[in-house]
Amino acid sequence: MNAKNCLIMLLLWCAALMPCRAQNSIDRLVEDFSTLGSAKFTSVVDRDPKTRRVQKVVKELQLPGIQGSKFLKAFEDESRKHSSTRQQDGDVLTMTITQESPRQMRIYMLRLVGRHAYSSAKVIIIVKMRE
């Protein structure tokens, strides 16, 4: 796939998600940190082969631990507004937030390794479109 096709796919993907996206602090942080050189960001879009409509989007961001504390605060803030779980297993903290609307279901997951000085952070966002 050449650069022109990649750009077109990216623009179509963004256009498809714009109307159904209520951006929160976690989404904004992922966007901001996805451009950092120390972060690893991947995004996968699943489309219906017949209609080419977006069915599901999965985003994953991996960061060095120092950055994880910013995500922890965002997850704690958003967890007050939506259904959430928090699980501590040794040095691993996992938080999950579920946000539902008539058009989509969004699942946010944060995984921090380390007690206070986090050695790594991973954020996964899953957006499942509803018909």
Side-chain angles (χ1 to χ4, degrees):
M1 185 179 284
N2 64 28
K4 182 180 176 183
N5 287 344
C6 286
L7 181 61
I8 290 171
M9 290 294 286
L10 179 63
L11 291 173
L12 288 174
W13 176 74
C14 289
L17 289 181
M18 285 288 193
C20 55
R21 183 168 183 209
Q23 192 176 47
N24 64 33
S25 60
I26 298 169
D27 290 313
R28 282 190 296 273
L29 275 175
V30 167
E31 282 183 20
D32 292 344
F33 279 87
S34 67
T35 60
L36 292 179
S38 60
K40 180 182 175 190
F41 178 73
T42 56
S43 179
V44 177
V45 178
D46 183 29
R47 295 181 178 274
D48 182 314
K50 294 177 183 162
T51 64
R52 304 299 300 155
R53 292 178 108 180
V54 175
Q55 293 179 319
K56 181 169 59 170
V57 178
V58 179
K59 298 178 185 179
E60 181 178 312
L61 179 68
Q62 295 180 16
L63 296 163
I66 294 171
Q67 316 296 349
S69 60
K70 293 178 182 178
F71 280 94
L72 179 58
K73 178 165 179 8
F75 267 77
E76 287 172 342
D77 292 345
E78 292 296 330
S79 69
R80 293 184 193 104
K81 303 173 196 170
H82 308 286
S83 175
S84 65
T85 63
R86 180 183 181 122
Q87 180 180 13
Q88 182 81 43
D89 186 13
D91 283 352
V92 179
L93 171 65
T94 305
M95 293 183 72
T96 306
I97 298 172
T98 305
Q99 181 181 9
E100 295 189 52
S101 73
R103 299 187 71 188
Q104 60 184 237
M105 179 174 74
R106 300 174 75 85
I107 300 170
Y108 299 87
M109 188 195 83
L110 171 66
R111 184 173 186 267
L112 295 170
V113 177
R115 280 281 177 198
H116 300 288
Y118 300 112
S119 60
S120 69
K122 181 190 287 189
V123 179
I124 298 174
I125 302 174
I126 301 170
V127 181
K128 174 105 170 93
M129 303 302 171
R130 295 185 171 154
E131 299 293 325

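None of the values given here were measured: they were computed from a predicted structure.
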M129 vs Q55, test: side chain to side chain contact (heavy atoms under 4.5 Å, CB included). Steps then yes/no.
CA-CA 5 Å; M129 303 302 171; Q55 293 179 319; 5.6 Å; no
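- Salt-bridge annotation for R106 and D27: present, with a side-chain N of the basic residue lying under 4.0 Å from a carboxylate O of the acidic one.
- Results of the side-chain contact (heavy atoms from CB on, under 4.5 Å) test with Y108 over I97, T96, T98 single out I97 as the only residue that passes.
- By the criterion of side-chain heavy atoms lying less than 4.5 angstrom apart, applied directly or through intervening Ile, Leu, Val, Met, Phe, Trp or Tyr residues, V127 is not grouped with I124; the two fall into different hydrophobic clusters.
- Between the CD atom in Q99 and the CD1 atom in I107 there is a gap of 11.0 Å [rounded to 0.5 Å].
- Closest heavy-atom contact between A39 and F33: CB-O, 3.2 Å.
- F41 has its side chain within reach of V30: a pair of non-hydrogen atoms, C-beta onward, lies under 4.5 Å apart.
- A heavy-atom distance below 4.5 Å is found between the side chains of L72 and M95.
- Using modelled atom types and a 3.5 Å distance limit, the side chains of S25 and E78 yield a donor-acceptor pair.
- The two residues S101 and R130 make their nearest non-hydrogen contact at O-NH1, 2.8 Å.
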Please test K122 against V113 for side chain to side chain contact (heavy atoms under 4.5 Å, CB included), starting from the C-alpha separation and ending with a verdict.
CA-CA 9 Å; K122 181 190 287 189; V113 177; over 6 Å; no
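- In this view, D48 satisfies the salt bridge (charged side-chain N to carboxylate O under 4.0 Å, His left out) rule with no residue, not counting sequence neighbours.
- Checked for salt-bridge contact, K73 and D77 meet the test: a charged N lies under 4.0 Å from a carboxylate O.
- Across all their heavy atoms, L61 and S34 have their closest contact at CD1-CA, 4.0 Å.
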Yes or no on side chain to side chain contact (heavy atoms under 4.5 Å, CB included) for V57 and V44, after CA distance, side-chain angles and deciding distance?
CA-CA 6 Å; V57 178; V44 177; over 6 Å; no
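- Taking the side chain as every heavy atom from C-beta outward, T94 and L110 never approach each other to under 4.5 Å.
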Apply the test side chain to side chain contact (heavy atoms under 4.5 Å, CB included) to residues I126 and M105: give CA-CA distance (whole Å), side-chain angles for both, the deciding distance (0.1 Å), then the verdict.
CA-CA 8 Å; I126 301 170; M105 179 174 74; over 6 Å; no
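- Between K70 and L29 the shortest heavy-atom distance is O-CD1, 3.6 Å.
- Atom CZ of R47 is separated from atom NZ of K56 by 14.5 Å, given to the nearest 0.5 angstrom.
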Quick one, R86 with E76, criterion salt bridge (charged side-chain N to carboxylate O under 4.0 Å, His left out). Give me CA distance, side-chain angles, the key distance, then yes/no.
CA-CA 9 Å; R86 180 183 181 122; E76 287 172 342; 3.1 Å; yes
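- No side-chain donor-acceptor contact under 3.5 Å links E60 to the backbone of Q62.
- The shortest heavy-atom contact between F75 and M109 is CZ-C, 3.7 Å.
- For D89 (side chain) and V92 (main-chain N/O), no donor-acceptor pair under 3.5 Å exists by modelled atom type.
- Considering every non-hydrogen atom in both P64 and S38, the closest pair reads CD-O, 3.5 Å.
- Among residues two or more places apart in sequence or in another chain, the side-chain contact (heavy atoms from CB on, under 4.5 Å) test is passed with R53 by T51, E131.
- Here the OG atom belonging to S120 is positioned 9.5 Å from the CG atom belonging to L63, to the nearest 0.5 angstrom.
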